[in-house]
There are 2 protein chains.
Amino acid sequence: MARPRQFDEQEAVAQATDLFWRRGYNATSVRDLGAELHLTPSSLYRTFEDKHTLFLRALDHYRATESAQARERLATAGQPVRDALRDWLLWLVGCAAGTEPGPGCLVVNTATELGTTDTEVSARTEAAFEVTRSALRSLLDEGRRNGELPTDLDLDAAVELLFTTVLGLRVRERAGHDPHRLATTIDFAIRGLGPAPTEPVRSER
Amino acid sequence: MARPRQFDEQEAVAQATDLFWRRGYNATSVRDLGAELHLTPSSLYRTFEDKHTLFLRALDHYRATESAQARERLATAGQPVRDALRDWLLWLVGCAAGTEPGPGCLVVNTATELGTTDTEVSARTEAAFEVTRSALRSLLDEGRRNGELPTDLDLDAAVELLFTTVLGLRVRERAGHDPHRLATTIDFAIRGLGPAPTEPVRSER
DNA sequence: ATCGTATGAGAGCGATCGCTCCCAAATGGA
DNA sequence: TCCATTTGGGAGCGATCGCTCTCATACGAT
């Protein structure tokens with residue numbers, strides 16, 4: 001019926017997400033976005049309403065890709081719970097295994113930058129947080145049921161601590177902290193879940 | 001020798017710190033600062049060079065007050081290590097016991113907002129982080145020596161986890177999370193330090 | 001009392017902010 | 001082919017950004 005777009009909207013959102021991720025909301029200008037997405041201001045505003053709405057789109061895209069990927073990785077473990085948790089946490093902060101420090105987590109960065117001032121943003125960050133919590137809960141619950149974790153493990157409390165640890169690790173990732181220290185943190189956090197399952201006692205001799 | 005100031009420089013820095021704390025670096029304009037400190041732009045720039053330098057002053061002031069106070073509170077405990085640690089963590093996130101969520105921690109907010117892009121800022125946030133780590137280390141080491149904590153406690157790892165937990169709690173405080181859940185997190189983190197000291201065995205009968 | 005000096009007040013600098021408008025170009029339906 | 005419609009390009013809107021300048025004012029040293 002009319003002239004078609006010369007750009008892919010999804011790809012544009014993905015690139016915008018990347019820019020917000022690295023620089024944060026306030027430090028990213030509309031002109032920065034236009035340059036990154038190869039969009040003129042008119043196209044950008046016609047497609048995405050305004051900067052704030054585009055940021056909400058970016059948060060949604062992040063949740064649909066990064067957050068969803070993290071959730072799946074944790075759910076489809078196929079290995080002992082402790083190992084699965086350890087590998088997952090290492091993977092979370094280990095994307096920064098390259099040269100320069102990773103950008104951390106867009107959700108964490110956004111939560112600290114904008115706090116509770118923006119309700120539309122807060123709703124999305126809280127939803128993302130809840131996804132992580134429930135994924136951790138499922139894994140721990142499975143471990144408790146199949147005997148890999150202590151039966152008297154306080155599930156609520158363990159989830160809260162692991163979730164909080166994830167946030168702290170994300171902050172430290174963005175701050176460029178030594179990956180080895182983050183690995184130490186992860187190992188100790190898992191140890192805190194209680195004694196490992198008793199190995200079948202080897203016959204003594 | 002000349003006309004004296006009509007404002008207290010330290011108090012101005014304190015007010016600037018408060019504003020940066022609540023709003024973040026990028027979202028705080030020089031005019032906002034001028035209004036808050038009751039300073040005209042000329043006075044502000046003559047006294048504090050520029051916005052970035054004032055922000056560095058604010059970070060230093062925060063470390064000299066808030067961070068220093070936190071360190072002292074942890075050092076001058078005078079109670080069992082676990083109780084001291086618990087009270088300290090509750091106090092850290094419990095300033096937000098009022099109506100609206102607290103502003104979190106200026107150092108954490110800054111670290112996530114600016115990442116590693118600003119070396120002068122990073123140097124200060126890392127220094128603040130190290131203060132917290134060493135304070136935690138001293139406390140845990142004391143607890144290990146006097147038998148309140150397991151003698152085989154991995155000090156390095158425990159410090160890393162507690163420090164990471166503090167960062168996570170700060171994020172959650174700023175995100176306005178339920179204080180009760182934060183308390184749950186804190187209790188479980190302390191439980192993870194190992195079994196409590198064995199009570200003197202009561203005579204059985 | 002006089003003078004040198006730093007202050008508070010505020011206009012205003014160029015640049016950039018988020019955003020809007022106008023117009024030629026490009027498309028699909030008739 | 002012609003028209004209705006939406007696009008990409010880009011000038012430019014008012015507002016605000018970080019920051020500088022000028023100048024009368026108010027103080028301390030002499």
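Chain A is the first sequence line, chain B the second, and so forth, proteins listed ahead of strands; every chain is numbered from 1.
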Sugar-phosphate only, base, or nothing, as touched by B:Arg31 at under 4.0 Å among non-hydrogen atoms: base
Polar pair under 3.5 Å, donor/acceptor by atom type, side chain A:Arg3, base C:dT27: no
Residue mapping more 5' on DNA chain D - nearest nucleotide basis, B:Lys51 or B:Arg46: B:Lys51
Nearest-angstrom distance from the residue atom CG of B:Asn26 to C1' of C:dT16: 14 Å
A:Leu44 CG - C:dC21 P separation (whole Å): 16 Å
Length of the CD-C1' vector between A:Gln6 and D:dG8, whole Å: 6 Å
Contact under 4.0 Å: A:Ser42 side-chain N or O vs D:dG9 OP1/OP2: no
Heavy atoms of other groups near A:Arg137 CZ, more than 12 under 6.0 Å: yes
Rounded distance (Å) that lies between atom C1' of C:dG18 and atom CZ of A:Phe48: 16 Å
Below 4.0 Å: OP1/OP2 of D:dT20 and any side-chain N or O of B:Tyr45: no
Spacing of B:Phe20 atom CZ relative to D:dG18 atom P, expressed in whole Å: 9 Å
Rounded interatomic separation in angstrom, taking CD from B:Glu9 and C1' from C:dT7: 14 Å
Over-ring placement of B:Lys51 relative to B:Tyr25, 6.0 Å and 45° cut-offs: yes
Sugar-phosphate only, base, or nothing, as touched by A:Pro4 at under 4.0 Å among non-hydrogen atoms: sugar-phosphate
Position toward the 5' end of DNA chain D (nearest nucleotide), A:Ala2 or A:His38: A:Ala2
Candidate list A:Leu155, A:Leu139, A:Leu193, test side chain to side chain contact (heavy atoms under 4.5 Å, CB included), partner A:Arg144, passing option: A:Leu155
side-chain N/O B:Arg5 vs C:dA6 OP1/OP2, d < 4.0 Å: no
Pair B:Asp50, B:Thr53: side-chain N/O donor-acceptor within cut-off below 3.5 Å: yes
Sugar-phosphate, base or nothing in reach of B:Phe7, heavy atoms under 4.0 Å: sugar-phosphate
Distance test, side-chain N/O of A:Ser29 to OP1/OP2 of C:dT16, below 4.0 Å: no
Taking every non-hydrogen atom, the tightest pair across B:Ala70 and B:Trp88: O-NE1, 2.9 Å
Sugar-phosphate only, base, or nothing, as touched by B:Thr47 at under 4.0 Å among non-hydrogen atoms: nothing
Nearest-Å distance for atom pair CD/P, residues A:Glu49 and C:dT20: 8 Å
B:His52 NE2 - D:dC17 P separation (whole Å): 19 Å
